[in-house]
Amino acid sequence: MARVLVIEDEHDLQEILQYNLRQAGHEVFAATTGQEGLRLARSGQPEVILLDIMLPDMPGTEIARALRRDRATEAVPFIMVTAKGEEVDRVVGLELGADDYVVKPFSVRELLLRIQAVLKRSGARAQEPTGVTQFGCLRLDRPGHRTWVEDKEVELTNLEFKLLLVLLDRRGRVQTRNTLLRDVWDIAADVTTRTVDTHVKRLREKLGAAGGYIETVRGVGYRFSEAPRVEAT
């Protein structure tokens, strides 16, 4: 099925996770510290990572940042598994690039389903052609920097096209304004984020029927729809 890296220092929980993951057909390898987890993430080529936030040597948030900074692991999906279940903790996890957030105690069966969903999303992204991408009524020609909505070409600036690609390629995952500033504008995170809202609004207007694919996540940022809806408004 998939190679799963479990970064978890609670030995009982780690054993339960490894057992159930193997029963589900996954290949599992594990780490009990953050440093070991990062080493295995870079060398073991996992397809998904289960990451605890509270580890003995370094916080899971620091590991998450390292995963997203490293070219070897930046595209590897990870699920935060933690006892910290407050809204602010979930928001922080999503801001750091987590694909999902599971609070302890949890149902192992539910966790397996969440892993399956994350793998399905990442697999779909990996199989996309590098040329033309079709998503509902939206079609993009990457090499030609051209965009169509319902077979009518839409004129986008280079910046708008780049913003659309970043959101589309990370669909189903929340992108904070700071993340978009960094990855689209190449601006440090402490710069004002108002420009992001302005450009997203303009992009939605230009996309018309496809503009509804770009969802606002209140208090966090934006997310591109995981799957096209029958109608986008």
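This one's a predicted model, so the numbers in the text were calculated from it and none came from an experiment.
- At least one side-chain heavy atom of I214 sits less than 4.5 Å from a side-chain heavy atom of L207.
- For CD of E155, the number of neighbouring non-hydrogen atoms (other residues, nucleotides, ligands) closer than 6.0 Å is 12 at most.
- A donor and an acceptor atom, one from each side chain of R204 and T216, are located under 3.5 Å apart.
- In summary, of the residues considered (R139, K206, R146), a salt bridge (charged side-chain N to carboxylate O under 4.0 Å, His left out) with E153 occurs for R146 alone.
- Between atom CG of residue L21 and atom CD of residue Q23 there is a gap of 10.5 Å, rounded to the nearest 0.5 Å.
- Linking ILVMFWY residues whenever their side-chain heavy atoms come closer than 4.5 Å, directly or via other members, places F78 and V103 in the same cluster.
- With hydrogens and angles ignored, the 3.5 Å screen pairs no side-chain donor or acceptor of D100 with any backbone N or O of V118.
- Under a 3.5 Å cut-off, the side chain of R177 and the backbone N or O of V196 do not form any donor-acceptor pair.
- Across every non-hydrogen atom of F106 and V81, the tightest pair is CE2-CG1, 3.4 Å.
- Nearest heavy atom pair, residue E47 against residue L119, reads O-CD2, 3.8 Å.
- At distances below 3.5 Å, not a single donor-acceptor pair connects side-chain atoms of Q175 with backbone N or O atoms of L180.
- Residue I53 holds its CD1 atom at 4.5 Å from CE of M80, rounded to the nearest 0.5 Å.
- For the pair L67 and L38, the minimum side-chain heavy-atom distance is below 4.5 Å.
- To the nearest 0.5 Å, atoms OG1 (T33) and CE (M58) are separated by 9.0 Å.
- Between the D9 side chain and the T32 main chain, no donor and acceptor come within less than 3.5 Å of each other.
- Between the side chain of R223 and the main chain of R173, no donor-acceptor pair closer than 3.5 Å is present.
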Are V48 and V4 close enough, and set up right, to give a side-chain contact (heavy atoms from CB on, under 4.5 Å), and what steps lead you there? CA-CA 5 Å; V48 63; V4 182; 3.7 Å; yes

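- Of the possible donor and acceptor atoms, none in the side chain of D70 sits under 3.5 Å from a partner among the backbone N and O of A66.
- Electrostatic pairing of R39 and E36 counts as a salt bridge here, judged by a charged N lying under 4.0 Å from a carboxylate O.
- Once rounded to the nearest 0.5 Å, the distance linking CG of L55 with CD of E10 reads 10.0 Å.
- When all heavy atoms of A30 and L40 are compared, the pair lying nearest together is O-CD1, 3.4 Å.
- Distance check, rounded to the nearest 0.5 Å: CZ of R202 to CG of D197 gives 12.0 Å.
- With values rounded to the nearest 0.5 angstrom, L163 atom CG is found 8.0 Å from H199 atom NE2.
- Note on V108: it does not cluster hydrophobically with L113, by side-chain heavy-atom contacts below 4.5 Å among ILVMFWY residues.
- Side-chain atoms of E160 come within 3.5 Å of backbone atoms of T157 as a donor-acceptor pair (strictly under, hydrogens ignored).
- When all heavy atoms are compared, the tightest approach of A83 to M54 is CB-CE, 4.2 Å.
- Here the side chains of T195 and L181 are in contact, with some heavy-atom distance below 4.5 Å.
- Counting all heavy atoms, side chain and backbone alike, K162 lies closest to D183 at CE-O, 3.3 Å.
- Under the 4.5 Å side-chain heavy-atom criterion for ILVMFWY residues, a single connected hydrophobic cluster contains both L165 and V184.
- Enclosure of atom NZ in K104 by more than 12 non-hydrogen atoms of other residues, nucleotides or ligands within 6.0 angstrom is indicated.
- The side-chain heavy atoms of D169 and T133, taken from C-beta on, include no pair separated by under 4.5 Å.
- Note on F161 and L159: same hydrophobic cluster, where clusters join Ile, Leu, Val, Met, Phe, Trp and Tyr whose side-chain heavy atoms are under 4.5 Å apart, directly or indirectly.
- When side chains are defined from C-beta on, L111 counts as touching L17, because their heavy atoms get closer than 4.5 Å.
- Counting heavy atoms of neighbouring residues, nucleotides and ligands inside a 6.0 Å radius, atom CZ of F29 exceeds 12 of them.
- With contacts defined as side-chain heavy-atom distances shorter than 4.5 Å, the pair T179/R170 qualifies.
- Note: Y213 and F135 have perpendicular aromatic rings, judged against thresholds of 30 and 60 degrees for the angle between ring planes.
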Taking it one step at a time, do Y101 and T82 satisfy side-chain contact (heavy atoms from CB on, under 4.5 Å)? CA-CA 8 Å; Y101 195 102; T82 174; 3.2 Å; yes

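- Of all heavy-atom pairs between R68 and P77, the closest is NH2-CA, 4.0 Å.
- L50 is listed as a side-chain neighbour of I79, based on a closest heavy-atom distance under 4.5 Å.
- Side chain of R3 to backbone of G44: a donor-acceptor contact under 3.5 angstrom is found.
- Contact of the L164 side chain with the F224 side chain is registered, since non-hydrogen atoms from C-beta on lie closer than 4.5 Å.
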